[in-house]
Amino acid sequence: MRAPCDLLLTNATVLTMDQKFTMYQSSRVAVAGDSIVAVGPDADAYEAAETIDCLGRVVMPGLVNAHTHVPMALLRGLADDLRLDVWLMGYMLPVEREFVSPDFVRLGTGLGCAEMVRSGVTCFADMYYFEDAIAEATAEAGMRALCAQTVLRFPTPDATSYEESLARARDFIVRWRGHPLIVPAPAPHAPYTCTPEILRACAELAVEFDVPLHIHLSESVQEVEDSRRVNGMPVVPWVKKHGLFDAKVLAAHCVHVDDGELRTLKNVGAGVAHNPTSNLKLGAGIAPVARMLELGLNVGIGTDGAASNNDLDMFEETRLAALLAKGISGDPTALPARGALAMATRLGACAMHMNHLTGSLEPGKRADLIIVDLDPLHNVPAFGRDPNGVYAQIVYASKSTDVIDVMCNGRWLMRDRKLLTLDETGLREAARAQARRVDAFLSGREVSVLQKLVAVGGAVELESFEVQVKARVPSAEQVLAVIEGKKVTVVRSSRYHQFDTYWSFDDPDQGWLRYREDEFLNEAGNVTGARARLTLTGRTREADLGGVLLFRSRYLAPAAHSPRFYREYFRPAAEHVVEKDRRRWLLVYRGVEFYVHLDRLLNPPGDGYFIEVKSRTWSQRDAQDKAAVITELLALFGTSPDDTISDGYVALVAGRR
Ligand SMILES: [Zn+2]
């Protein structure tokens with residue numbers, strides 16, 4: 001007598017993707033409840049209420065997307081062909097700060113899950129904010145996931161501090177541990193966005209609840225170089241030193257790792273998620289996957305977020321992984337199709353520390369499986385001579401649209417290409433509506449340089465008014481004599497080496513954006529410190545008070561990024577550089593405080609000395625009074641408003657070109 005089960009898949013080419021790559025022709029898979037009970041000839045001992053004839057079809061494990069940020073499906077195509085920092089700091093983070101909420105991630109998860117189910121994915125590793133809502137939406141969609149709550153050293157859309165996000169991660173893990181579909185985890189985002197304290201705390205949290213830990217490691221050359229410079233060692237030994245590998249780690253990327261680091265990853269049992277499209281698209285490089293596999297590391301394949309891919313198609317990703325390994329090694333035998341498909345299934349599950357549940361068709365594992373149709377033209381013909389031919393067919397010829405049925409945890413998520421747990425039409429409409437809101441936000445920001453500056457600059461000083469004049473002086477001696485004399489009182493003084501980069505825009509009303517690096521000099525002329533600031537100078541000039549100008553609209557922001565970042569972010573029409581030696585005094589003359597700068601232009605050279613006098617002002621009357629006093633001061637310095645360079649150094653430099 002045959003044993004009962006719930007479902008029998010018959011007449012299938014069964015790719016178990018187990019460790020021995022066992023495969024069966026015209027064979028069966030038996031499912032009972034949420035699990036696989038028998039595969040191959042063993043399944044002949046079962047009978048089921050429902051039988052599905054899979055003639056001409058492949059039954060294989062559902063694909064495992066080993067690294068993604070699933071709600072970012074909503075940001076697909078938002079900003080492309082940009083460098084990582086401009087993409088991340090200029091676009092992703094500002095938009096995330098503005099929009100990411102539980103509703104946003106729920107919708108994004110629905111959209112991402114629908115796309116993944118359609119392409120044969122049954123399990124994925126996520127890392128994002130409001131992971132609670134992501135886990136809920138994933139469980140509703142019926143998919144399996146490692147859901148990791150992000151922890152960063154700076155405020156996030158779901159936490160104002162690292163302590164708060166760590167507490168959120170703990171609550172999340174406590175709530176979801178033991179769920180049939182969701183494995184909760186902490187996700188310290190990356191070593192460069194965390195502190196050693198955060199890495200250690202997250203590892204301890206993961207160990208306490210025996211859950212994995214999800215992190216980005218060694219994604220870019222910059223990250224590794226910074227680690228060497230700041231920490232004195234590359235990324236992997238540094239995180240090891242801070243206890244990260246006490247946890248069961250899933251490390252995304254590992255693009256720039258040396259052999260020693262790979263051995264460390266292997267020895268501590270860490271899994272790796274290879275994200276070929278994302279690494280290529282952001283120009284990060286190509287991970288040494290063939291070497292990782294040679295060392296016995298568990299390497300899965302991930303799509304990364306849809307904002308850097310721009311889809312969640314694991315068929316495409318698997319093919320690319322196989323091709324890239326050959327391309328960079330010059331060896332067409334590197335990473336054969338069978339190995340690539342193992343990465344997309346069993347090895348991915350191993351990397352996520354979830355291989356006891358999924359990743360292969362073996363009795364006792366959950367019933368996470370897909371049925372692939374080999375009838376479409378691009379799959380025809382097929383040859384029987386080499387039994388491994390079917391792996392090559394799936395990896396090199398088949399497409400995600402060939403997946404016709406998807407089951408996860410014994411439940412059908414798609415039958416005959418129709419989604420059963422997700423409302424595709426509703427998701428499409430809601431995602432488009434959300435995109436319109438993001439578009440409006442970014443378009444509003446792009447209208448002015450100031451808005452773009454506010455978006456990445458953090459705190460920006462408000463508009464101010466000042467009277468100022470800048471004039472050529474015949475010599476430095478006369479100025480110094482006045483300052484050392486009795487007519488003025490010096491409150492304080494300082495000296496800088498100043499490097500200014502000025503950017504202008506097609507619309508002159510946007511004014512000039514100046515990136516200024518100050519090197520502070522001591523009496524001996526040695527550098528004692530440095531700072532960088534951004535200033536947006538509006539063109540608006542209120543009045544010309546007899547050669548002295550009343551200006552308004554100067555916006556200051558700390559320059560947290562490199563000049564290259566701002567150049568690529570603001571895309572100015574022109575750029576000019578001015579370098580000078582500046583002596584600066586705050587002095588009082590006739591009861592009024594003035595800043596006086598004595599500048600010697602170094603680049604462009606040969607222009608001699610300039611004096612700049614300025615003071616904050618509050619009213620037209622006050623401005624007129626101060627303008628009169630400035631005119632007197634200029635006379636003392638041996639110059640007059642007639643010698644002014646009214647548009648400043650940049651006009652001097654720009655006019656000469
Ligand atoms: Zn990522």
Side-chain angles (χ1 to χ4, degrees), residues 64-80 82-89 91-93 95-96 100 105 108-109 112 115-116 121 123-131 134 138 145-152 156-158 165 169 185-194 199 202 212-224 235 239 244 249-257 270-287 289 299-314 317 320-321 348 351-352:
V64 175
N65 183 351
H67 177 70
T68 189
H69 312 276
V70 70
M72 291 184 94
L74 282 178
L75 303 179
R76 188 199 317 273
L78 175 69
D80 296 287
L82 297 171
R83 230 179 284 271
L84 177 64
D85 58 356
V86 177
W87 177 81
L88 187 67
M89 313 285 181
Y91 291 87
M92 291 305 144
L93 292 180
V95 166
E96 287 180 336
V100 171
V105 304
T109 302
E115 183 186 356
M116 284 195 281
V121 175
C123 178
F124 62 91
D126 190 61
M127 175 200 290
Y128 209 58
Y129 312 107
F130 298 109
E131 204 62 38
I134 296 170
T138 302
L146 173 71
C147 288
Q149 168 67 37
T150 302
V151 183
L152 285 170
T156 59
D158 61 3
S165 56
H189 173 267
Y192 62 93
T193 51
C194 291
L199 297 179
C202 285
L213 178 150
H214 194 179
I215 189 169
H216 296 110
L217 284 187
S218 298
E219 179 173 4
S220 67
V221 172
Q222 184 73 48
E223 177 187 348
V224 178
V235 176
V239 298
L244 191 80
V249 170
L250 167 62
H253 303 307
C254 299
V255 176
H256 302 281
V257 281
V272 173
H274 174 44
N275 303 273
T277 301
S278 170
N279 294 156
L280 287 178
K281 190 157 180 276
L282 290 168
I286 300 169
V289 171
V299 192
I301 298 175
T303 58
D304 211 346
S308 62
N309 187 303
N310 295 359
D311 60 34
L312 304 175
D313 188 333
M314 280 292 292
E317 215 66 38
L320 183 58
M352 290 165 62

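The model shown is predicted, which means the values in this text are computed figures rather than measured ones. All ligand and atom numbering here is 1-based and tracks the order in the structure.
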Partners meeting side-chain hydrogen bond (donor to acceptor under 3.5 Å, both in side chains) with H274 (sequence neighbours left out): none
Side-chain donor-acceptor pair present, H214, H216, cut-off under 3.5 Å: no
The Zn ion (ligand 1): protein N, O or S atoms that are less than 2.8 Å away, sorted by chain: H67 NE2, H69 NE2, H216 NE2, D304 OD1
All side-chain hydrogen bond (donor to acceptor under 3.5 Å, both in side chains) counterparts of H256, not counting sequence neighbours: none
From CA spacing to verdict: side-chain hydrogen bond (donor to acceptor under 3.5 Å, both in side chains), H69, D304: CA-CA 6 Å; H69 312 276; D304 211 346; 3.0 Å; yes
Whether E317 side chain and T277 backbone form a donor-acceptor pair below 3.5 Å: yes
Contacts of type side-chain hydrogen bond (donor to acceptor under 3.5 Å, both in side chains), residue Y128, not counting sequence neighbours: E96
